[in-house]
Amino acid sequence: MAGRRAEAAERFEEYLGLLGESIGHADRAGPLRAYLTGLLLSGERKSIEPMAAKVDPHHVSMRHQSMHHFVANAPWDERAVIAVAREYALAQLERHGPVGAWVVDDSGFPKKGTHSVGVARQYCGPMGKQDNCQVAVTLSLVNPSMSVPCAYRLYLPKAWSEDRERRHVAAIPDEIGFQTKPELALAQVDDLLAADLPRAPVVADAGYGSATEFREGLTARGLSYAVGIMRETTVWSQGDSPVPPPRARGRGRPATRLRRDPDHRPIAVRALARSLDRGSWQAVRWREGTKGAMQSRFAVTRVRPAHRDHIRVVPRAPELLLIEWPQGESEPTRYWLSTLPPGTALADLVRLAKIRWRIERDFQELKDEIGLDHYEGRGWRGFHHHGALCIAAYAFLAAERARLSPPAPLAFLRPARLPTGFHPRGAAGAS
């Protein structure tokens, strides 16, 4: 056990060295070590002062000041840190199998106040409803064994992007303007393509998949996908397509656009699903959960997406429509569009569409154990720096877990003894 702890401690030192090269300036090495150690140590609160107390209890004020400057003000590139963390964990991930999917998602951070950068009333995943929160768009590489967060960017609501005073107070860079979440996700995809990472199908929920521009953007980049869509999404059912333009007659410019008419219109996927016969549905198990096998009923059919195709000159290419209708439910519950090959086995398509569970688990652990949602600063730089360091800590933890069955991979980290009577000020309801 002692030998394994020593090996893990040596790997941690090497990892800190790699991260240190990405942030420059040797004087940042100390705060980097303190911050990552604080994130990886156990503790209920991972805001700066409680972490400073754990790593340097006899110089809390000094350590707090250096760590705060490092995360909130120092001009290092958080994308470079995430890139190092990604490559480090990816080496272990690929030992267990190739990258199987690029998973786009977002993560919400409930907030009580209105001053933290990007906070607004919007859909908040942890709350399951519209509420006051920040939202970060993320992209992760996944295989059946593990996953690695690879991109992290705050969604800046339009009201924030157009408010000069709030932009100034939060120190939002001038070049940052308003982008939708699907646009942010495509930018992250471009970054991973530029880094020449192993390509894989893109998976996302309906918040992204329902955006036609997002799906078309993935296709234009040569990436296949399996993305959720809303039940109101319209398609042309198998063998059907828009009406071609009429033949030219006489003078004038010939019509080129596709047409619809009252007797020939696309159908919502909800209605299409209900029209399928009983033999179309198959029971599929896609993984073992904590309470047993995860299983449901699915059907797959070929369709053509129909969004605004009356302004197009050629029909969209056929895609796979995957539908889930659990036993006992009154109607189907989920829908996906996919550009995987037509011969893809139903079970493989279901496993791919459902692989987002790994990302949900990652970010739950990033919040509960690493402290992703514990940052108390309000500025743009600090939000992204803290997120990058949390991802770096998690990447090291994931890489250690991926090694040969270590029962306590971070047992070499030990918190220092706190002074008697010390009570850190970390506040759970920071805004």
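Just so it is clear, the values below take in all heavy atoms, side chains as well, and ignore hydrogens, waters and symmetry mates. Since we're looking at a predicted model, the values are computed, not measured. Throughout, residue positions are numbered sequentially from 1 according to the sequence presented.
Cation-pi geometry between R297 and W325 is met: under 6.0 angstrom from the ring centre, within 45 degrees of the axis. Stacking of R287 on the aromatic ring of W357 is recorded, both the 6.0 Å distance cut-off and the 45° axial limit being met. With a 6.0 Å cutoff to the six-membered ring centre and a 45° limit on the axis angle, R304 does not count as a cation-pi contact of W236.
Relative ring orientation between Y35 and H386 is described as perpendicular, the plane-to-plane angle rising above 60° on a 0-90° scale split at 30° and 60°. Ring orientation note: the planes of H384 and W380 are tilted relative to one another, at an angle of 30° to 60°. Ring geometry for F396 versus Y88: interplanar angle under 30°, hence parallel rather than tilted (30 to 60°).
Separating the CG atom in L192 from the CZ atom in R86 is a distance of 5.5 Å, to the nearest 0.5 Å. Taken to the nearest 0.5 Å, the CD atom of Q65 stands 11.5 Å off from the CD1 atom of I48. If you take SG on C133 and NZ on K112, they are separated by 15.0 Å, rounding to the nearest 0.5 Å. Separation of atoms CD1 (I82) and CG (D191) is listed at 10.0 Å; rounding is to 0.5 Å. D362 contributes atom CG, which lies 8.5 Å from atom CE of M146 (distance to the nearest 0.5 angstrom). To the nearest 0.5 Å, atoms CG (L39) and CD1 (I391) are separated by 11.5 Å.
In this structure, R316 and P305 have side chains that are in contact, with non-hydrogen atoms separated by less than 4.5 Å. Using a 4.5 Å heavy-atom cutoff, the side chains of T138 and P149 are not in contact. Two residues are said to be in side-chain contact when any heavy atoms from C-beta on lie closer than 4.5 Å; V284 and R351 fail this criterion. Two residues are said to be in side-chain contact when any heavy atoms from C-beta on lie closer than 4.5 Å; L322 and Y335 fail this criterion. When side chains are defined from C-beta on, Y123 does not count as touching V135, because their heavy atoms never get closer than 4.5 Å. Contact of the H58 side chain with the R63 side chain is not registered, since no non-hydrogen atoms from C-beta on lie closer than 4.5 Å. With contacts defined as side-chain heavy-atom distances shorter than 4.5 Å, the pair L366/D373 does not qualify. Using a 4.5 Å cut-off on side-chain heavy atoms (C-beta onward), R33 and T37 make contact.
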Q: Report the C-alpha distance between E365 and L397 in whole Å, list the side-chain angles of each, state the deciding distance to 0.1 Å, and finish with yes or no for side chain to side chain contact (heavy atoms under 4.5 Å, CB included).
A: CA-CA 11 Å; E365 188 168 3; L397 181 62; 3.9 Å; yes
Q) Can E400 and R403 be said to form a salt bridge (charged side-chain N to carboxylate O under 4.0 Å, His left out), step by step? A) CA-CA 5 Å; E400 287 298 300; R403 299 180 188 276; 3.2 Å; yes
Q: List the steps and the verdict of side chain to side chain contact (heavy atoms under 4.5 Å, CB included) for C150 and W102.
A: CA-CA 9 Å; C150 295; W102 291 13; over 6 Å; no
Q | Trace of the side chain to side chain contact (heavy atoms under 4.5 Å, CB included) decision for R167 with W160 | A | CA-CA 7 Å; R167 289 182 66 101; W160 267 87; 5.6 Å; no
Q | Residues F298, I323; criterion side chain to side chain contact (heavy atoms under 4.5 Å, CB included); working and verdict | A | CA-CA 5 Å; F298 296 88; I323 310 161; over 6 Å; no
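The nearest pair of heavy atoms linking P318 to R302 is CB-NH2, 3.5 Å. The two residues A395 and A85 make their nearest non-hydrogen contact at CB-O, 3.6 Å. V142 and S147 get closest at one heavy-atom pair: CG2-CB, 3.7 Å. Shortest non-hydrogen contact noted between A402 and Q92 is CB-CB, 3.8 Å. Taking each heavy atom of T333 and P326 in turn, the nearest pair found is OG1-CD, 3.3 Å. Contact record, G38 with V55: N-CG1, 3.9 Å, taken as the closest heavy-atom pair.
The main-chain N or O of A347 is never found under 3.5 Å from a side-chain atom of W286 such that the two would form a donor-acceptor pair. Side-chain atoms of Q122 never come within 3.5 Å of backbone atoms of P157 as a donor-acceptor pair (strictly under, hydrogens ignored). Checked by atom type and distance alone, the side chain of H307 never pairs as donor or acceptor with a backbone atom of T234 at under 3.5 Å. The closest donor-acceptor contact from the side chain of T233 to the backbone of I229 lies at 3.5 Å or more, if one exists at all. Although no hydrogens or angles enter the test, the distance criterion places no donor-acceptor pair under 3.5 Å between the side chain of R381 and the main chain of A171. Judged purely by atom type and a 3.5 angstrom limit, K46 has no side-chain atom pairing as donor or acceptor with the backbone of L40. Formation of a donor-acceptor pair under 3.5 Å by the S338 side chain with backbone atoms of L320 is not found in this model. E94 contributes no side-chain N or O that, together with a main-chain N or O of V99, makes up a donor-acceptor pair within less than 3.5 Å. Using modelled atom types, one side-chain atom of E183 and one backbone atom of T180 make a donor-acceptor pair closer than 3.5 Å. Remark: side-chain polar atoms of R28 are not paired, donor with acceptor, to backbone N or O of G20 under 3.5 angstrom.
If you look at F383 and Y375, their ring centroids are not closer than 6.0 Å.
Using a cut-off of 4.0 Å between Lys/Arg side-chain N and Asp/Glu carboxylate O, R153 and E78 are scored as not salt-bridged. Using a 4.0 Å cut-off between charged nitrogen and carboxylate oxygen, K54 and E49 do not count as a salt-bridge pair. A salt bridge between R356 and D105 is present, with a side-chain N of the basic residue lying under 4.0 Å from a carboxylate O of the acidic one.
Residue H96 places its NE2 atom among more than 12 non-hydrogen atoms of other residues, nucleotides or ligands, all under 6.0 Å distant. Around the CE atom of M62, the shell of radius 6.0 Å holds more than 12 heavy atoms that belong to other residues, nucleotides or ligands. The 12-atom threshold is exceeded at CD of E13, counting heavy atoms of other residues, nucleotides or ligands nearer than 6.0 Å. In E331, the CD atom is crowded: over 12 heavy atoms of neighbouring residues, nucleotides or ligands sit closer than 6.0 Å.
The side chain to side chain contact (heavy atoms under 4.5 Å, CB included) with S237 is formed by just one residue from the set L272, V269, L276; it is L272.
Checked by atom type, the side-chain pair R121/Q130 shows no donor-acceptor distance below 3.5 Å. Side-chain atoms of Y225 and E319 include a donor-acceptor pair closer than 3.5 Å. With hydrogens and angles left out, the side-chain atoms of S107 and K367 include a donor and acceptor closer than 3.5 Å. D106 and Y208 share a donor-acceptor pair across their side chains, judged by distance under 3.5 Å alone.
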Can I get a per-line list of side-chain donor-acceptor pairs under 3.5 Å for residues 193-205, giving both atom names and the distance, sequence neighbours left out?
unit_1 : atom_1 : unit_2 : atom_2 : d
R199   : NH1    : R221   : O      : 3.1
D205   : OD1    : G207   : N      : 3.0

